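Here is the structure we will look at.
Heavy atoms only: backbone and side chains are in, while hydrogens, waters and symmetry mates are out. As the structure is a computational prediction, the values presented were derived from the model and not from experiment.
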Amino acid sequence: YKVRLILSFMYWKQLARALRSEIRAVADIIRHHRDALQKQNEDMPLEEHAAPVLLLHGYLVGAPSLRGQERYLRKQGFAAFSVPYAFWEDLRKVRKSLEPTLDALCQQYGKKVAIVGHSEGGLVSYSLAQQRPESIDRIIALGTPFHGTWAAYLNPFVESARQMLPKSDYLQEIHTQPSPSVPVISIYTRYDELV
């Protein structure tokens with residue numbers, strides 16, 4: 001009985017820690033949205049020889065969720081851009097819609113583009129690297145559901161959510177294609193189910 005009680009306590013303690021982490025992450029997203037809206041006209045000058053970085057947001061959030069990261073990278077000398085896209089669309093369409101932006105950045109800076117993708121944005125980044133490796137320096141995926149996420153069952157009416165379900169046709173498609181010929185760095189935790 002005591003062992004069961006101790007294990008139950010440990011489970012609830014770990015669950016509470018995970019929930020606190022999620023709440024902090026959501027608070028950070030809200031803060032970044034607020035900061036982005038308040039400072040949306042703030043324009044930092046970019047060096048013409050800066051390395052271009054494309055920031056792709058995740059599901060249910062827009063480009064403002066990465067504006068804090070964009071400002072930080074610009075202060076470090078990168079030509080960082082957080083671009084909006086329709087997170088609810090078919091991820092294949094999203095990839096195609098971002099290809100002109102990728103081409104424009106390559107042409108403007110004369111360099112390959114590094115892409116940082118958060119969650120769903122990481123899936124789009126990976127697909128871009130599979131299709132357009134000649135334009136991409138590297139991919140950094142943050143909390144990306146490469147093997148799907150059970151949280152996608154919360155909104156099965158949206159195409160992109162269905163594509164993020166475990167074993168979806170979309171995930172099987174990107175896994176059966178050759179791996180990108182560019183470096184892919186995946187940063188994740190065990191608690192990435194929602195944020």
Starting at [atom1] of [X], measure out to [atom2] of [Y] and round the result to the nearest 0.5 Å.
X      : Y      : atom1 : atom2 : answer
His118 : Thr144 : NE2   : OG1   : 7.5 Å
Gln130 : Ser181 : CD    : OG    : 10.0 Å
Gln108 : Thr101 : CD    : OG1   : 11.5 Å
Ile136 : Leu128 : CD1   : CG    : 5.0 Å
Arg132 : Asp103 : CZ    : CG    : 4.0 Å
Arg95  : Ile174 : CZ    : CD1   : 11.0 Å

> Is it true that atom CD of Gln107 has more than 12 heavy atoms of other residues, nucleotides or ligands lying nearer than 6.0 Å?
Replying inline: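 No - once you tally the heavy atoms of other residues, nucleotides and ligands closer than 6.0 Å, there are 12 at most.
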Output yes when a side-chain donor or acceptor of [X] lies under 3.5 Å from a complementary backbone atom of [Y], and no otherwise.
X      : Y      : result
Glu70  : Leu55  : no
Arg138 : Ala114 : no
His147 : Leu171 : no
Ser127 : Leu123 : no
Gln163 : Asp169 : no

> Please walk me through it: do Tyr188 and Ser119 pass side chain to side chain contact (heavy atoms under 4.5 Å, CB included)?
Replying inline: CA-CA 9 Å; Tyr188 63 94; Ser119 188; over 6 Å; no
>> With a 6.0 Å cut-off on the ring centroids, do His57 and Tyr85 count as close?
In response: yes
>> I'd like to know whether Tyr59 forms a side chain to side chain contact (heavy atoms under 4.5 Å, CB included) with Val158, so could you lay out the CA-CA distance, the side-chain angles of the two residues, the decisive distance to 0.1 Å, and finally the verdict.
In response: CA-CA 11 Å; Tyr59 184 75; Val158 174; 3.7 Å; yes
>> As a quick check of understanding, evaluate side chain to side chain contact (heavy atoms under 4.5 Å, CB included) for Tyr170 and Met164, giving each step before the final call.
In response: CA-CA 8 Å; Tyr170 178 78; Met164 290 188 288; over 6 Å; no
For [X] versus [Y], what's the shortest heavy-atom pair and its separation?
X      : Y      : value
Ser65  : Val61  : OG-CG2, 3.5 Å
Pro166 : Thr149 : CD-O, 3.6 Å
Gly121 : Ser125 : O-OG, 2.7 Å
Pro52  : Lys111 : CD-CB, 4.0 Å
Ala50  : Ala79  : CB-N, 3.7 Å
Ser186 : Phe146 : OG-CE1, 3.7 Å

> For Glu89, what residues pass the salt bridge (charged side-chain N to carboxylate O under 4.0 Å, His left out) criterion, not counting sequence neighbours?
Replying inline: none
>> Would Lys96 and Glu99 count as a salt bridge (Lys or Arg N to Asp or Glu O under 4.0 Å) here? Give the steps.
In response: CA-CA 5 Å; Lys96 286 185 183 289; Glu99 287 177 0; 5.6 Å; no
> Quick one: side-chain hydrogen bond (donor to acceptor under 3.5 Å, both in side chains) partners of Gln131, sequence neighbours excluded?
Replying inline: Gln177
>> Go through it in stages, so that I can follow the logic: the residues are Val83 and Leu56, the test is side chain to side chain contact (heavy atoms under 4.5 Å, CB included), and I'd like the CA-CA distance, side-chain angles, deciding distance and then a yes or no.
In response: CA-CA 6 Å; Val83 297; Leu56 300 180; 3.7 Å; yes
> Does the pair Lys93/Glu159 count as a salt bridge with the N-to-O cut at 4.0 Å?
Replying inline: no
>> When you group the ILVMFWY residues by side-chain heavy-atom contacts below 4.5 Å and let the links chain together, are Tyr72 and Ile185 in the same group?
In response: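 Same cluster.
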> Side-chain heavy atoms under 4.5 angstrom apart, residues restricted to Ile, Leu, Val, Met, Phe, Trp, Tyr: same cluster for Leu73 and Ile187?
Replying inline: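 The answer is yes; both residues are in one hydrophobic cluster.
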